[in-house]
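Every chain is numbered from 1 and lettered A, B, ... according to where its sequence line falls, protein lines coming before strand lines.
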Protein chains: 2
Amino acid sequence: MRKGEATRERILEVAEASVLAKGFGATSIEEVITEAGITKSGFFYHFRDKNELAHELLRRYIAEDHRILDELFGRAANLSDEPLQAFLIALKMLADLMGDLPGGHPGCMIASICYQERLFDRRVVTLNREAIESVNARVLAHLETIAAVHPPREPVDLAVVAEMLSCIIDGGIIMAKVTGDPARLAYQILAYRAFVKMLFAAPARDIPPGGVPSRQSSPAAG
Amino acid sequence: MRKGEATRERILEVAEASVLAKGFGATSIEEVITEAGITKSGFFYHFRDKNELAHELLRRYIAEDHRILDELFGRAANLSDEPLQAFLIALKMLADLMGDLPGGHPGCMIASICYQERLFDRRVVTLNREAIESVNARVLAHLETIAAVHPPREPVDLAVVAEMLSCIIDGGIIMAKVTGDPARLAYQILAYRAFVKMLFAAPARDIPPGGVPSRQSSPAAG
DNA sequence: GACATTTCCGTACCGCGGGTACAGTTGGAG
DNA sequence: CTCCAACTGTACCCGCGGTACGGAAATGTC
């Protein structure tokens, strides 16, 4: 009964590693089933087609991403009550996390699938969109909390600033992959952090009571 | 004699349109040759394999991109002698350009190929990297010129800020594709513009002679 | 324990697309 | 007319996604 569950899980793990390493198109089912120790029929018992595999893979990946992000922002919130500082700390931690991955970030599955969209059906694309919007919404909530305390220095749309983080991460992954230098992703996140800091950090005198301390140039936990 | 050249050109044009519309993996040679009015053998006379097609496509795409970028920065430089203003104008024009494309940006071929790298050989990947680095170097040169006049407000690595534009564009394209909203790319470029503006625009009193005019919130030709 | 049912996986095959082999055609130079 | 070179068409191979179908092992029912 639950033997099938284990097999299905094994397929997903093997497929995920392969997709992140080589891209979805370059991942052949034959290769996956060989690695997983089953046959084609076994695969197609668990997944109707490659679309369904992509859908499942994406679901897992997104869930894990959200978990990591939540945990990270949660930890940051514990380190500072001040929303801007907490956000900056979270970004620093995110940069560290991305930079510490051995061999660099495995690659963003969302982008990988985005560039293959014709291979997939609507459901996959929709899932993709919802995931992006969900992350953006989360970041936006943080930014709005920050903006309530620190009026932004430039008249920017906070939703755009929120989405910018997703752009930076996806773009940074591309830079890292193309140049073969994983650190670039981390640097980009830190650049975004500098942007947020400049945008909200008060120009010397507008600091609200109990707000930003004076040595705000590198307040994040190293 | 020159008939072959014309055929080769036709193949490239058809292939480019298809790749940008559907991605490289989803573009079949059979489809290309049908569209171009030749046969398979005709295709393989001009290109050793699909790798070589990708290589040529990428070369053309990169060359065109550089041309557009140069022309855009050149026009901007004609509109303002002040390097920061010229750069901001160029970014505004870039955002307008991206937003005006009917149906949105066709997709970044570099990113498209990046996520299929296993399908290609080293030469394609190398070309990819060089293109990115070339654009980054160009933008970096502008930023250094700017920084010589306007000391940056935050201690950032200008090379990272330069690369950030590439990240924003590639990431913005992904956002636009995933959400189906082409305007997002333009918004992201404008957000980057706000970042650059904040980074270099002097805080009210450090404006050099002949520098930034007071109504600097939207100085670009709209 | 016989029996059917569901779960799970194997074998054989199809169609499509990338790629090859090779034959044929066109056109210019001698 | 002949020969070479540039160019194109036909027939085929093979890997891969996907299907048809069948068999074994676990599970429920009496």
Exceeds 12 heavy-atom contacts within 6.0 angstrom, atom CD of B/Glu35:
no
Measure CD1/B/Ile33 against P/C/dG19 and give the value in whole Å, please.
12 Å
For the side chain of B/Ser41, counting heavy atoms from C-beta on, which of D/dA20, C/dG17, C/dC22 is nearest?
C/dC22
Could you check how far CD of A/Glu52 sits from P of D/dG18, rounded to whole Å?
11 Å
For a quick test of reading the model: is some side-chain N or O of B/Thr7 closer than 4.0 Å to OP1 or OP2 of D/dC7?
no
Considering just the side-chain nitrogens and oxygens of B/His46, establish if one lies under 4.0 Å of OP1 or OP2 belonging to D/dA6.
no
DNA chain C: 5'-proximal contact among A/Thr39 and A/Tyr45 (nearest heavy atom)
A/Tyr45
Please report the distance, rounded to the nearest Å, between CZ in A/Phe44 and P in D/dC16.
13 Å
Does B/Phe87, at its CZ atom, have more than 12 non-hydrogen atoms belonging to other residues, nucleotides or ligands within less than 6.0 Å?
yes
Tell me, please, whether B/Phe24 has B/Lys50 positioned over its six-membered ring: NZ or CZ under 6.0 Å from the ring centre and within 45 degrees of its axis?
yes
Could you check how far CD of A/Glu31 sits from P of D/dG15, rounded to whole Å?
14 Å
Using the side-chain heavy atoms of B/Lys50, tell me which of these nucleotides is nearest: D/dG17, C/dC22, C/dG19.
C/dG19
B/Ile29 CD1 to C/dG17 C1': how many Å, rounded?
8 Å
Separation of A/Arg48 atom CZ from D/dG17 atom P, in whole Å?
17 Å
Of D/dC21, C/dG17, D/dG18, the nucleotide closest to the side chain of A/Asp49 is D/dG18
Whole angstrom is fine here: how far is it from CD in A/Glu30 over to C1' in D/dC14?
11 Å
B/Lys40 NZ to C/dG18 P: how many Å, rounded?
7 Å
Under 4.0 Å between a side-chain nitrogen and a carboxylate oxygen: does that hold for B/Arg184 and B/Asp181?
yes
B/Arg129 with B/Glu133: basic N within carboxylate O range, under 4.0 Å:
no
